[in-house]
Structures are given as C-alpha cells and as structure tokens.
Protein chains: 2
Amino acid sequence: MKITIKDVATEAGVSIATVSRVLNKKNRVKQETKLRVQQAIHKLNFQPDHTARSMIMKETRTVGLIVPNLSNEYWALLAEVIQDKLWEHGYSLIVCSTNKSADKEMAFVKSFTVRRVDGVVFGSSTLFGSSRHDEQLANMLKSLPTVSIDPSISGLNSVVGDNLQGATDAVEHLIGLGHRRIAYIGGPTVSKQRELGYRNAMMNHELPVLEELIKRGDDNTIAFSSFGYHSMLSLLESGEKFTAVFCGNDLIAIGAIRALEDRRIQVPADISVIGYDDINIAALYKPSLTTVRQPMREMGSAAVDMLLELIQCPDGNNVPKKIVYQNQLVQRESSGPAR
Amino acid sequence: MKITIKDVATEAGVSIATVSRVLNKKNRVKQETKLRVQQAIHKLNFQPDHTARSMIMKETRTVGLIVPNLSNEYWALLAEVIQDKLWEHGYSLIVCSTNKSADKEMAFVKSFTVRRVDGVVFGSSTLFGSSRHDEQLANMLKSLPTVSIDPSISGLNSVVGDNLQGATDAVEHLIGLGHRRIAYIGGPTVSKQRELGYRNAMMNHELPVLEELIKRGDDNTIAFSSFGYHSMLSLLESGEKFTAVFCGNDLIAIGAIRALEDRRIQVPADISVIGYDDINIAALYKPSLTTVRQPMREMGSAAVDMLLELIQCPDGNNVPKKIVYQNQLVQRESSGPAR
DNA sequence: TTGAAAGCGCTAACAC
DNA sequence: GTGTTAGCGCTTTCAA
C-alpha cells in the first residue's frame, strides 16, 4: 500500500492539513510540530503524490516537446538542452517525435492538452506547409503556452535561426573565393530559406542563377547523404560547369563529396563544397566541412526562457515575440579558392 | 474555464456517470443517449482530464527514461524507438539525461516515483560502479517496474548487447586477416566488455596481449574523437609495432584514423582500424569504418515489450529476465589484410 | 498554530 | 441503462 499524507498525519499525531503545510513550506508551523512531521515523513518514506497535487494546483510541472525525430543530432541536442534547463526549474519533459507524420503531430498536441502539460515546445518545422492541417494545429497550439522553434508560426512565440542570412554568408564566402558558377543542392521547408540565401548572394553579386545547377529533394530524401551523392552525380553528368556547391545540410555535403571523390575530383582543389548545420562529424570529416552553424544550445535555452515566462504570467502581454539567432559560417577545409 | 465532465453532463441532460461511461466505452449505454453525450462532448470540445483519471486508476500511462545524454546518437536512437513504441500503447515518455551526474540520476528516479510513472527504462550504464550510489539507486529502481538497458543490474530485467562477443568477433576478424600485433584503444564501463573481448580473441589465438599496445581513457574522454587521435599518436610514438587497432567506439576509431593520416600512414593498407557501435557516420566516413553494430532498435523495442509486460502483470513471476542481443561485425573499408 | 471540511475532475460501486 | 454517491490524495479556506 502506498503511503499517503494521512498515514503521515497519524504517525505524527497531527492533521493532514499540518502535514501539507510542512510539505509546502509556505505556511508556518511550530518548529516542534514540524520536526515531528518531518520525522514521520522520513520514517514512512512518504512521497507526496504529484498527480493529486497537480489536480488541485492546476499545473503538472510538465512540458511537452515535439520534434520530427531524435536520430537527427540537431533535434537530439535541442531536446537535451531543453530537458536540462527545464529540470533546473522543476519541470519534466515529455518528448514526442513525429517521424514526419502529421497525424501523430496532431495526436501529440492533443495528448498534451489532455495531460494538462503546462507548456509545449514545438519544433516540428518540416510538416508546415499543408494548409488545412496547419490551421487546426496552430489553433490547438495557441490554446497552450507554446514556443515554436524554427517554424515561426504566426501568433506564437518563436525562436528561429536566420537561415537566410547564414546561407547568404556561405555563398558570399564562395564568391569571395572567386567562384562564379556555384551549384545548390537542397530540400524544401527549412532549406527554402537556405536556397533563398543562395539566390540572394548570387543576385547581390550579379551572378546568374542557373536552374540547371539547382538540385532539389524532398524532406525524406535530404536527410540522407545518398541524396547528396546522386545529386552531385547528376550535376556532374549534366555537363554544366561549376566550381563550387552549396548544400542544404551537412549530410548532403558529405554525400556530394563522396561522389566527387569517386570521380577523382578533388575537394576543395577542383570543387569547393559547403554544408549547413555543423553536425558533429563536420569537423571530423575528411576534408573537414565548411558549414554554417545553428546555435542549438542557445536556441533551446531561449525557448525555455520564453516558455517559462509564458507559463508564469499567463496573461502577460499577448503580442508574440520572435527571437532570431544568427547562423555562423564555419570555415574549414572543404572550401577553397576557385580553380 | 476548463470544460469538465459536469458541463458535458448538463449539456447532454444526463448524469456525469453516464458521460464517464461513454468516455470509457466499457459499460453499455443506450445508443441514443450515447449519441447525445458525444454531441455534447464535441460541441463543448471536452477533453477528459488525464490527471484526475490517473489519480483514480492508479496509472499515469507515463514511463520515464534515463539516459546519459542525447547528443550521442546511440541513446538518441534508443529514446526515439522507445517513445515511438510506447506511444502505440498509449504511453508518454518522460526523457531525462543525466550528463553523467550521479546526483541527477538519483533525482530523476525520485521524481519518477513522485510522478507515479508506470515504469522506467534505465539506460545509464556509465554511472554504475560507484558502489554506495548503486545500491541505493538499484533499490529505488526495484520498487518500480524497471527494465535496464545495457547495464545488467542484478534483480532487474534487462536488455543488453553482447559486447564481449562483438569485440571478440572484431578482433578475430583482424586475426583472420593476418594481423598479429593488434592494439586496443578504449574506455571503462561498457568498453570493459569490449576490452575483454579483445583479450579473449588474442588469447584464443595464442597471441600475446601487450599492455604497451593498450590505451585506456575515462568515460568523459572516450566520447570524443580527440581521445582516439591522441591515443594513436602516443601509440605511434611508443615505437611498438602494430598493424591493426581495435577501438572501443567509432569516434575513437575516427580520431585514430585522422592521426594515422596526419602521419601519412594509410588505412587500411598500412594499419587496419575497427570501431564499435556503427554510428551513422561510420558508413559515410572515408575510409568507411569496419565496426560492430549494436541493434539499438531491437533492443529498445524489446525493452518496451518487457516493460509493458511488467506493468501489466505486476506480480507475474518475479525472477528477472535478461535478453542478450548479438553484436554484429560490419566489414567495410578500414580493415584489410596485414601488410 | 492547528484542525475540519470542502473540493479538484474523474471512476466505480451500488442502487433504482 | 442510468443516477447517486463515495472516494482517489492532496491543498486551501475558514474557524477555532
């Protein structure tokens, strides 16, 4: 049988109200009584039932996190940071990975409402775009204290990385190295901003954007290096000349490099390659990857701060905020002067 | 104001018990009444309070997971698999990463008790070893339905990978390729089994185990490729001859390969390198890594099965089970015939 | 400073 | 079939 507050009260010879008082510290209890209660608690190894407390206090001290997956180290790191910081504030984290299923995504949010989580961090960028689903989801999310990471959903607080600027910087770096014919391999969604940055940099420098030099995959394919591999191959076979390629993420870049090596083309001597995200392996790869870093730790931390504030002042000012983090170019071996 | 079962009852013109009945399906309700109630539920957008339900049912439909971290893809994948499978059974997952802190580990388990999670998956191998802490922890864990992954804690159900066998296979593979002087770079804990496998294979083939050819780091260092890098360097500088090295994990192997390359030593032509874990990058690296795969998906899935059974039959037979998964050698480019 | 009692939102006997 | 009622384990008035 579970030990309840009643057992403790009996053991200490006081009422349950008193036990509750020493448990919650707030109200003062005579030192002596307090001691007796504490002894009883210790003796019986009593653990107050969080569930019962939640029901009354109307707070579960739990927040929900939705991410597309955890096998991507980008999200895994985010989850870790968020959990860690939340824990310091007494919150637990329920983690849900959608695996790109819009149905699951919706079901997760629903379960968050049912479970009465105090807030949610929504980091499921990839699904946004299919309008019907979006609207419904956004509405559910709005009824909960929510901060979204990456997709900046209108009406919600959000923390995002400046992909447009990061991509622009990367491509301008290539241009600065003397490259003129620069290819792009990427995907939709997040990568849309990155592709835009590519176009932006090219236009800034009055360089033509050649559609033949652009390879685009969908969300499922771009998560694998084989997409980069095959895109590079088809780029090579197209006969179009280029001396550099900007990739929508590091995995694509690695695949592209592999393809280049298979064709005995040197990186960066013959062709420069830039990735995005700065995953762990980027620094370890051979050649090490020039890439753009999203400050995930900072973003996760900021998201928690925002969320906590939202939770603590439920009717603080209602205009949604958005924090934008710069994305930083990290120069390594895979990019060099144009041949 | 939150909509409660009472509001629904009023709206539908029935008692709360009836609403509860249609909610829980079990008891039969007249078709017509049921319809009225369902309409009311829909109209008011009523979501039954999970917290209140938990209190009565004495189950939270929540399980807790403890891992050392999520930035390691090994654990991230595990978390993902576990969350996914649990969700199919109506459970949510609270994820906690210890970051190697024994205090946190204990606090997490305590919070699980307080939150009345229905079960816990304990995957925090690295901390085991410091006796006092262990005993206390093991006792707390035993009071909850728990399955442990990787550390096989006596008295608990567990799912483990056969690191001894995997390591033995890896080293025997090297021996089969004609290598005689084989080095080992690894860490403690999990790696202990791996080091044992190394010794085992050497002894099986009557090869001497030279302590000069063994480099050992601690849990914190071995998570970084720089440990492999520097260990390899010191191995090289020791002047001892060797033609192959077996590494305690893939990151170490990658670091070692980098060091070799920096010294213009070819892998595998001059020296063969084998890693462990088969992380994503292993197949992508250049040269691609020969390594040993732990079947994380299967292990996570098995853990959930075990846990669910534990939860569903609390007083099923009490003798703890242990499922051991074979670890499989994956041959790639980084290992080849001895020079 | 303490106790009695009224719930929080729900489920589960137990009646009708 | 359906309603009444008694809790689940706690916090919180309100009195004493």
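Lettering of chains follows the sequences in order, A, B, ..., and the numbering in each one begins at 1.
Proximity note for Lys58(B) (side chain, C-beta onward) versus dC10(C), dG9(D), dC10(D): the nearest is dG9(D). Side-chain proximity of Lys30(B) to the nucleotides dT12(D), dG9(C), dT2(D) is greatest for dT2(D). Residue Thr18(A) has its side chain nearest to dT2(C) when only dT11(D), dT2(C), dC10(D) are considered. The Ser15(A) side chain lies nearest to dG3(C) when the options are dC10(C), dG3(C), dT11(D). Here the nucleotide nearest the side chain of Ile16(B), chosen from dG1(D), dT12(D), dT11(C), is dT11(C).
In this structure, Lys26(B) does not reach the dT11(C) phosphate: none of its side-chain N or O atoms is under 4.0 Å from OP1 or OP2. Ser20(B) has a side-chain polar atom (N or O) that falls below the 4.0 Å cut-off from OP1 or OP2 of dT11(C). Taking side-chain N and O atoms only, Thr4(A) has no distance below 4.0 Å to OP1 or OP2 of dG9(D). Taking side-chain N and O atoms only, Asn27(B) has no distance below 4.0 Å to OP1 or OP2 of dT2(D).
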Show your reasoning for whether side chain to side chain donor-acceptor pair (under 3.5 Å) applies to Tyr325(B) and Glu298(B). CA-CA 8 Å; Tyr325(B) 275 87; Glu298(B) 289 75 6; over 6 Å; no
Pair Thr98(B)-Glu105(B), side chain to side chain donor-acceptor pair (under 3.5 Å): steps then yes or no: CA-CA 6 Å; Thr98(B) 62; Glu105(B) 194 173 59; 5.1 Å; no
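In this structure, CD1 of Ile56(B) is placed 17 Å from P of dT5(D), rounded to the nearest angstrom. Straight-line distance from the CE atom of Met55(B) to the C1' atom of dT11(D): 11 Å, rounded to whole Å. Taking atom CG of residue Asp7(B) and atom P of nucleotide dC8(C), one finds them 11 Å apart after rounding to whole Å. Following rounding to the nearest Å, Ile5(B) (CD1) and dA12(C) (C1') show an atom-to-atom distance of 12 Å. Atom pair Ile41(B):CD1 and dG9(C):P shows a separation of 16 Å (rounding to whole Å applied). Atom-to-atom, CZ of Arg116(A) to P of dG9(C) comes out at 9 Å; the value is rounded to the nearest Å. Distance, Asn24(B) CG to dG9(C) C1': 13 Å, rounded to whole Å. Rounded to a whole Å, the NZ atom of Lys25(A) is 14 Å from the P atom of dT12(D).
Residue side chain Arg21(B) reaches the base of dG3(D) through a donor-acceptor N/O pair under 3.5 Å, judged by distance alone.
The local environment of NZ in Lys34(A) is sparse, with at most 12 non-hydrogen atoms from other residues, nucleotides or ligands closer than 6.0 Å. Lys30(B) NZ: 12 or fewer foreign heavy atoms inside a 6.0 Å radius.
Counting any heavy atom pair closer than 4.0 Å across all strands shown, Lys2(B) reaches no nucleic acid atom. Counting any heavy atom pair closer than 4.0 Å across all strands shown, Ser54(A) reaches no nucleic acid atom.
Contact check for Leu35(B) versus Gln31(B): side-chain heavy atoms found under the 4.5 Å cut-off.
Map Ala17(A) and Lys34(B) each onto its nearest nucleotide of DNA chain D; the residue landing nearer the 5' end is Lys34(B).
Atom OH in Tyr74(B) sits 5.0 Å away from atom CE in Met299(B) (nearest 0.5 Å).
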